[in-house]
Colleague: 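Quick one: the structure is below, questions incoming.
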There are 2 protein chains.
Amino acid sequence: MKKKSTHEQFVAYLRSEGKNITPERMLILDEVLAQKAHFKIDDIIDKMSCAEKKISRATVYRSIKTIENAGLIKYIRSINDEKIYEVVKKHHDHMICESCGKIIEFHDNDLETLQDAICESHGFVPQRHTMKIFGLCEKCKS
Amino acid sequence: MKKKSTHEQFVAYLRSEGKNITPERMLILDEVLAQKAHFKIDDIIDKMSCAEKKISRATVYRSIKTIENAGLIKYIRSINDEKIYEVVKKHHDHMICESCGKIIEFHDNDLETLQDAICESHGFVPQRHTMKIFGLCEKCKS
DNA sequence: TAATAATTGAGATTAAATCTCAATTATATG
DNA sequence: CATATAATTGAGATTTAATCTCAATTATTA
């Protein structure tokens, strides 16, 4: 059972929602996947506005939201409250350096287990969570 | 050693920053403290714009930011990305119901300890964190 | 291939938050 | 207490991110 590529996942999502598969959407997905770990929507808008095939700001906003709804990207809020997007891989949380803005991804099974237990004791059914730890990274702490 | 009231804390903060103690600031702090657990800035703006002594929108925004900088209030983002303020009491995290929007505050010492340990293993010095668990509350889960 | 429905681009619009600047007010000082 | 100085306020203008509008274009279905 081969794992679906992100492209295939997106196409499947579009079909399931009765949405059209347009070059604009696919090109924006390409650009998203070509980004470094974390990116802002303006990074994509800038690229698309001077690309071979120019794509408008409105369409970038619309497509990013579609890709987000497809569960392929998500965002966290930076220190300045900007939306910082990232491609959704396996679940992880974030440490954010207050000094240099560096974002460190981490995952810890014990943490997840503990969270589930806490939810259960509150009669709460967890579906997803976000955790951001702010502080100083290795470089900035000294 | 009596614990300082929130008013006293705010006054102390203003003095320490060389800021003036104005009726507008103190009235906005009063209104903030009179709010229910979670409130939006528009709740305060609405109150202040039809209060005995009217205070402008700009001043509410400015004072809320000052009170926030004083460490007396903070905000989390709701499901719709709105800023939801709350008075800072002892540290806690949040569960947010995706169905009814209910916000549950919780605190767990093991969780905090575990977080610190994880940070240490990354050479990261934690200063504060936010954790939001989204899911379904007791009422909405059935 | 034609009919239908969805999407796009460009600029207008919205909403939250901030800024501008003249008028007002708090504070420090003699 | 009176005054000089600096900080703050109000009102509306402005900014910024994001969304909306609608005619023109394009994808999809039959």
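If you're wondering where the values come from, they're calculated on a predicted model, not measured in any experiment.
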Colleague: Between B:Ile41 and B:Pro23, just flag the one whose closest nucleotide in DNA chain C comes earlier from the 5' side.
Modeller: B:Ile41
Colleague: Would you give the length of the straight line joining atom CG of A:Leu14 to atom CE of A:Met26, rounded to the nearest 0.5 angstrom?
Modeller: 7.0 Å
Colleague: Write down the distance between CG (A:Asn80) and P (C:dA17), rounded to a whole number of angstrom.
Modeller: 15 Å
Colleague: Please tell me which of the listed nucleotides, C:dG9, C:dA16, D:dA11, lies nearest to the side chain of B:Arg62?
Modeller: D:dA11
Colleague: May I have the distance from B:Ile45 (atom CD1) to C:dA16 (atom C1'), rounded to whole angstrom?
Modeller: 9 Å
Colleague: For the pair A:Lys74 (side chain) and A:Val87 (backbone), establish whether a donor and an acceptor sit closer than 3.5 Å, ignoring hydrogens and angles.
Modeller: no
Colleague: With a 4.5 Å limit on heavy-atom distance, are the side chains of A:Asp81 and B:Lys83 in contact?
Modeller: yes
Colleague: Just the rounded figure in Å: distance from C1' of D:dT8 to NZ of B:Lys53.
Modeller: 11 Å
Colleague: To the nearest Å, give me how far apart CD (B:Glu17) and P (C:dT27) are.
Modeller: 15 Å
Colleague: Are any of A:Tyr61's side-chain N or O atoms less than 4.0 Å away from OP1 or OP2 of D:dT19?
Modeller: no
Colleague: Rounding to an integer number of Å, can you tell me how far A:Leu27 CG sits from D:dT26 P?
Modeller: 14 Å
Colleague: Would you call B:Glu24-B:Arg62 a salt bridge at under 4.0 Å N-O?
Modeller: no
Colleague: Can you tell me how far P of D:dA17 sits from CD of A:Glu82, to the nearest Å?
Modeller: 8 Å
Colleague: Is the phosphate of C:dA5 approached by A:Lys19 (side-chain N or O, under 4.0 Å from OP1 or OP2)?
Modeller: no
Colleague: Please determine whether a side-chain nitrogen or oxygen atom of B:Lys40 lies at a distance below 4.0 Å from atom OP1 or OP2 of C:dA16.
Modeller: no
Colleague: Starting from the 5' end of DNA chain C, give me the residue, B:Ala58 or B:Glu24, whose nearest nucleotide shows up first.
Modeller: B:Ala58
Colleague: So, is B:Thr22 near the phosphate of D:dA7, with a side-chain N or O under 4.0 Å from OP1 or OP2?
Modeller: no
Colleague: Can you name the salt bridge (charged side-chain N to carboxylate O under 4.0 Å, His left out) partners of B:Lys102, sequence neighbours left out?
Modeller: none
Colleague: If I take atom CG in residue B:Asn20 and atom P in nucleotide C:dA26, what distance separates them, rounded to the nearest angstrom?
Modeller: 8 Å
Colleague: May I ask you to evaluate whether B:Ser56 reaches the phosphate of D:dT9, defined as a side-chain N or O under 4.0 Å from OP1 or OP2?
Modeller: no
Colleague: Taking only the side-chain heavy atoms of A:Arg25 (C-beta and beyond), determine which of C:dT20, C:dT7, D:dT19 contains the nearest atom.
Modeller: C:dT7
Colleague: Starting at CZ of A:Arg57 and ending at P of C:dA12, how long is that distance when rounded to a whole Å?
Modeller: 14 Å
